[in-house]
Chemist: 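Below is the structure I would like to discuss, written out as structure tokens.
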Amino acid sequence: MSHGRAALERVVPLLRCPVCGQSMQSSGLTVECTGGHSFDRARQGHLSLFGPRGRRFPGDGTDQVAARDRVLRSGLFDPLAAALAGVAREALSRTTDHSRTGPLRPVVLEPGAGTGFYLAAVVEAVKRAGGDTEKRTGDGLAAREESGPDAPGSDAPRSAVLKSDVLGIGTEISTAAARRLARVHEDVAALVADTWDGLPLVDACVDLVQVVFAPRNPAEFARVLRPGGTLVVAVPGPGHLEPLRSAGGLLEPAPGKGDRLDADLSGLFGPDAVRTVDVRTEVPASVAVDLALMGPSGVHLERARLEERLGPADRPVRLQVEVRTYTLLPTGGPLQQ
């Protein structure tokens with residue numbers, strides 16, 4: 001399956017060389033910058049873009065990625081995916097970048113996207129929302145697109161021209177995860193890159209950045225977001241994955257994550273709405289073991305010992321996640337009222 005290959009072509013004009021920062025273009029099976037640096041596309045569909053320091057961390061291995069994929073396919077995290085999709089639809093319908101003319105073609109970025117589960121859900125939701133809008137507005141939409149929503153004489157809100165040709169960009173340091181990311185959705189491009197070393201994207205090319213249980217680089221997020229862009233961060237609540245977390249010996253989330261996140265982002269982003277996903281359910285024993293192995297605790301745990309420790313019965317578990325939304329501040333200070 002070559003879901004993400006067309007999306008990878010679409011993302012090339014938004015790329016910048018991770019070595020010299022120059023613009024990039026396609027050249028057969030490679031992507032080259034104007035400075036002469038060349039990067040090969042993997043046959044699995046992803047593109048690796050590391051800077052001068054190269055790959056410093058291997059990321060999740062094949063077993064961890066497979067465990068995560070099984071958990072995500074179980075449906076446990078579907079409520080979180082739905083919440084992220086809702087937040088994205090709302091944010092993209094009220095973009096404040098009035099410098100853009102013509103129809104909006106949203107770009108959604110997820111650094112540390114893993115297998116692309118959440119990014120695919122968001123891209124599909126935004127795509128469907130755009131299609132629904134097009135059906136509701138009918139022939140009048142095309143006329144408004146020609147003149148642009150902000151053109152003289154046009155009374156169309158920007159949300160009315162939310163197009164369905166959304167582009168999702170997922171970055172991931174793990175090659176094992178990137179292989180799945182490249183197949184997750186036809187409108188998702190998979191890049192292998194290190195968030196801490198900088199994102200291989202040009203300035204102000206993204207409408208929304210979402211980060212789900214992944215490393216954050218606020219300065220880079222601010223750089224690649226367009227004016228008025230949205231940052232969405234999902235952080236675990238204090239009861240997340242309990243009582244399985246305690247029974248399985250998983251790492252405990254640090255207290256006060258939300259407050260520390262606000263402080264870390266201050267000066268670049270202004271806090272907006274917070275949506276809490278809080279669901280209690282039960283999962284089969286096999287999913288419970290995978291859940292323990294898929295996260296940061298997984299490198300310290302062994303499947304056989306976990307299976308013995310947790311037993312064969314279904315296990316209760318709580319999904320408690322805060323979906324925190326932020327708006328990119330204008331350069332030089334807080335948003336003006």
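No experiment lies behind these values; they were computed from the predicted model shown.
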Chemist: Leu49, Val202: one ILVMFWY side-chain cluster at the under-4.5 Å cut-off?
Modeler: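 The answer is no; the residues belong to distinct hydrophobic clusters.
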Chemist: What closest approach, in Å, do Ala182 and His46 show between heavy atoms, and which atom pair accounts for it?
Modeler: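 Reported closest heavy-atom pair: CB-N, 4.0 Å.
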Chemist: Is there side-chain contact between Val283 and Ser74, with heavy atoms separated by less than 4.5 Å?
Modeler: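 Heavy-atom side-chain distance check fails, nothing below 4.5 Å.
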Chemist: Counting only N and O atoms by type, is there a donor-acceptor contact under 3.5 Å from the side chain of Arg89 to the main-chain atoms of Ala129?
Modeler: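 No; judged by distance alone, with no hydrogens or angles, the pair does not exist.
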Chemist: Compare every heavy atom of Arg16 with every heavy atom of Gly21, then report the nearest pair and how far apart it is.
Modeler: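 That closest heavy-atom pairing would be O-CB, 3.9 Å.
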Chemist: Are the aromatic ring centres of His185 and Phe117 under 6.0 angstrom apart?
Modeler: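 Not close enough - the centres of the two rings lie 6.0 Å or further apart.
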Chemist: Whether the side chain of Arg180 engages the backbone of Ala176 through a donor-acceptor N/O pair (distance < 3.5 Å, no angle test) should be reported.
Modeler: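 Not a single qualifying donor-acceptor pair exists.
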Chemist: Under 4.5 Å between side-chain heavy atoms, counting indirect links through other Ile/Leu/Val/Met/Phe/Trp/Tyr residues: same cluster for Val65 and Leu72 or not?
Modeler: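 No, it is not one cluster - the side chains of Val65 and Leu72 are not joined through contacts under 4.5 Å.
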Chemist: Hey, which of Leu80, Thr276, Asp278 is the one that makes side chain to side chain contact (heavy atoms under 4.5 Å, CB included) with Val321?
Modeler: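 Answer after filtering Leu80, Thr276, Asp278: Leu80.
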Chemist: Do you know which two heavy atoms are closest between Asp262 and Arg324, and how far apart they sit?
Modeler: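 So the two residues come closest at OD2-NH2, 3.2 Å.
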Chemist: Check whether any side-chain N or O of Arg309 sits under 3.5 Å from a backbone N or O of Ala247 as a donor-acceptor pair, and report yes or no.
Modeler: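 Yes.
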Chemist: Decide, yes or no, whether a salt bridge links Glu186 with Lys127 under the criterion of side-chain N to carboxylate O below 4.0 Å.
Modeler: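 A salt bridge is present here (some side-chain N lies under 4.0 Å from a carboxylate O).
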Chemist: Strictly distance-based, threshold 3.5 Å: is any side-chain N or O of Ser174 a donor or acceptor partner for the main-chain N or O of Asp60?
Modeler: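 Checking the backbone N and O of Asp60 against the side chain of Ser174, a donor-acceptor pair under 3.5 Å is found.
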Chemist: Looking at CZ of Phe39 and CG of Leu15, how far apart are the two atoms once the value is rounded to the nearest 0.5 Å?
Modeler: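 Reported to 0.5 Å precision, the distance equals 9.5 Å.
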Chemist: Are the charged groups of Arg260 and Asp264 less than 4.0 angstrom apart, N to O?
Modeler: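 Salt bridge: no.
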Chemist: Could you check whether any side-chain heavy atom of Gln64 comes within less than 4.5 Å of a side-chain heavy atom of Met294, counting everything from C-beta outward?
Modeler: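 Of all side-chain heavy-atom pairs linking Met294 with Gln64, none is under 4.5 Å.
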Chemist: Tell me, please, which residues at least two apart from Arg275 pass salt bridge (charged side-chain N to carboxylate O under 4.0 Å, His left out).
Modeler: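 Here no residue qualifies.
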Chemist: How far apart are the closest heavy atoms of Thr327 and Gly228, and which atoms are they?
Modeler: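 For Thr327 and Gly228, the tightest heavy-atom pair comes out as CG2-O, 4.0 Å.
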Chemist: Quick one: OG on Ser27 to CD on Glu32, what's the gap to the nearest 0.5 Å?
Modeler: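 Here the interatomic distance stands at 4.0 Å.
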Chemist: For the pair Asn217 (side chain) and Thr195 (backbone), establish whether a donor and an acceptor sit closer than 3.5 Å, ignoring hydrogens and angles.
Modeler: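 Indeed, once roles are kept as given, a pair shorter than 3.5 Å links the two residues.
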Chemist: State, with a plain yes or no, whether a side-chain heavy atom of Phe77 is found less than 4.5 Å away from one of Val71.
Modeler: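 Side-chain contact under 4.5 Å: yes.
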Chemist: Looking only at heavy atoms, which two atoms of Ala178 and Val192 are closest? And how far apart?
Modeler: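 Looking at all heavy atoms of both residues, the closest pair is CB-CG2, 3.5 Å.
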Chemist: Kindly say whether Pro243 contributes a backbone atom to a donor-acceptor pair with the side chain of Ser246 at under 3.5 angstrom?
Modeler: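 Looks like no, no N/O pair under 3.5 Å.
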Chemist: Any side-chain heavy atom of Leu225 within less than 4.5 Å of one from Phe269?
Modeler: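 Yes - at least one pair of side-chain heavy atoms lies under 4.5 Å apart.
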Chemist: Does Arg105 come within less than 4.0 Å of Asp207, counting only side-chain N to carboxylate O?
Modeler: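 Salt bridge between Arg105 and Asp207, a charged N being under 4.0 Å from a carboxylate O: no.
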Chemist: Using side-chain heavy atoms (C-beta onward) and a distance below 4.5 Å, is Val12 in contact with Leu14?
Modeler: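 No. Closest side-chain heavy atoms not under 4.5 Å.
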Chemist: Output yes when a side-chain donor or acceptor of Glu172 lies under 3.5 Å from a complementary backbone atom of Gly114, and no otherwise.
Modeler: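 Such a contact is found between Glu172 side chain and Gly114 backbone.
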Chemist: Could you grab the distance from atom CZ of Arg179 to atom OG1 of Thr175, nearest 0.5 Å is fine?
Modeler: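 Separation between the atoms: 6.0 Å.
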Chemist: Is it true that Val31 and Leu167 fall in one hydrophobic cluster, defined by side-chain heavy atoms closer than 4.5 Å?
Modeler: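 Yes, same cluster.
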Chemist: Begin from the C-alpha positions of Ile169 and Val108 and carry the test side chain to side chain contact (heavy atoms under 4.5 Å, CB included) through to its verdict.
Modeler: CA-CA 6 Å; Ile169 306 172; Val108 178; over 6 Å; no
Chemist: Gln320 versus Pro236: any side-chain heavy-atom pair under 4.5 Å?
Modeler: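 Contact flag for Gln320/Pro236 side chains = no.
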Chemist: Please report the C-alpha distance between Phe50 and Ile173 in whole Å, then the side-chain angles of each, then the deciding distance to 0.1 Å, and finally whether the side chain to side chain contact (heavy atoms under 4.5 Å, CB included) criterion is met.
Modeler: CA-CA 9 Å; Phe50 287 112; Ile173 199 169; 4.2 Å; yes
Chemist: Would you please test Val233 and Leu261 for side chain to side chain contact (heavy atoms under 4.5 Å, CB included) and show each step?
Modeler: CA-CA 9 Å; Val233 184; Leu261 180 59; 3.7 Å; yes
Chemist: Would a distance-only check, ignoring hydrogens and angles, find a side-chain to backbone donor-acceptor pair under 3.5 Å from Glu110 to Leu119?
Modeler: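 Confirmed, Glu110 side chain pairs with Leu119 backbone.
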Chemist: Would you indicate whether Asp40, at its atom CG, is surrounded by more than 12 heavy atoms from other residues, nucleotides or ligands within a distance under 6.0 Å?
Modeler: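 More than 12 heavy atoms, drawn from other residues, nucleotides or ligands, come within 6.0 Å of this atom.
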Chemist: Just wondering, do Leu231 and Leu328 contact through their side chains at under 4.5 Å, heavy atoms?
Modeler: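 No. Closest side-chain heavy atoms not under 4.5 Å.
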Chemist: Which heavy atom of Pro79 sits nearest a heavy atom of Val277, and at what distance?
Modeler: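 So the two residues come closest at CB-CG1, 3.9 Å.
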Chemist: Can Thr115 and Leu181 be said to form a side chain to side chain contact (heavy atoms under 4.5 Å, CB included), step by step?
Modeler: CA-CA 5 Å; Thr115 62; Leu181 176 61; 5.9 Å; no
Chemist: When you compare the side chain of Phe221 with that of Leu199, does any pair of heavy atoms fall below 4.5 Å?
Modeler: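 A side-chain contact under 4.5 Å exists here.
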Chemist: Are Arg305 and Glu308 close enough for a salt bridge, meaning some N to O gap below 4.0 Å?
Modeler: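 Answer for the salt bridge query: no.
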Chemist: Charged N to carboxylate O below 4.0 Å: is that the case for Asp290 and Arg303?
Modeler: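 Arg303 and Asp290: salt-bridged.
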Chemist: Nearest 0.5 Å please: distance from the CG atom of Leu191 over to the CG atom of Leu201.
Modeler: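 Leu191 CG to Leu201 CG: 6.5 Å, rounded to 0.5 Å.
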Chemist: Can you tell me if Glu302 uses its side chain to pair, donor with acceptor, with the backbone of Ala304 under 3.5 Å?
Modeler: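 Pair absent, no side-chain N/O of Glu302 close to backbone of Ala304.
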Chemist: In the single-linkage hydrophobic clustering (I, L, V, M, F, W, Y; side-chain heavy atoms under 4.5 Å), do Leu291 and Phe213 co-cluster?
Modeler: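 Linked within one cluster.
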Chemist: Regarding Ser48 and Arg41, do their side chains bring together a donor and an acceptor under 3.5 Å, going by distance alone?
Modeler: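 Absent: no donor and acceptor within the cut-off.
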Chemist: For the hydrophobic clusters of this structure (ILVMFWY residues joined by side-chain heavy atoms under 4.5 Å, transitively), does one cluster hold both Val279 and Leu241?
Modeler: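 Yes, Val279 and Leu241 fall within the same hydrophobic cluster.
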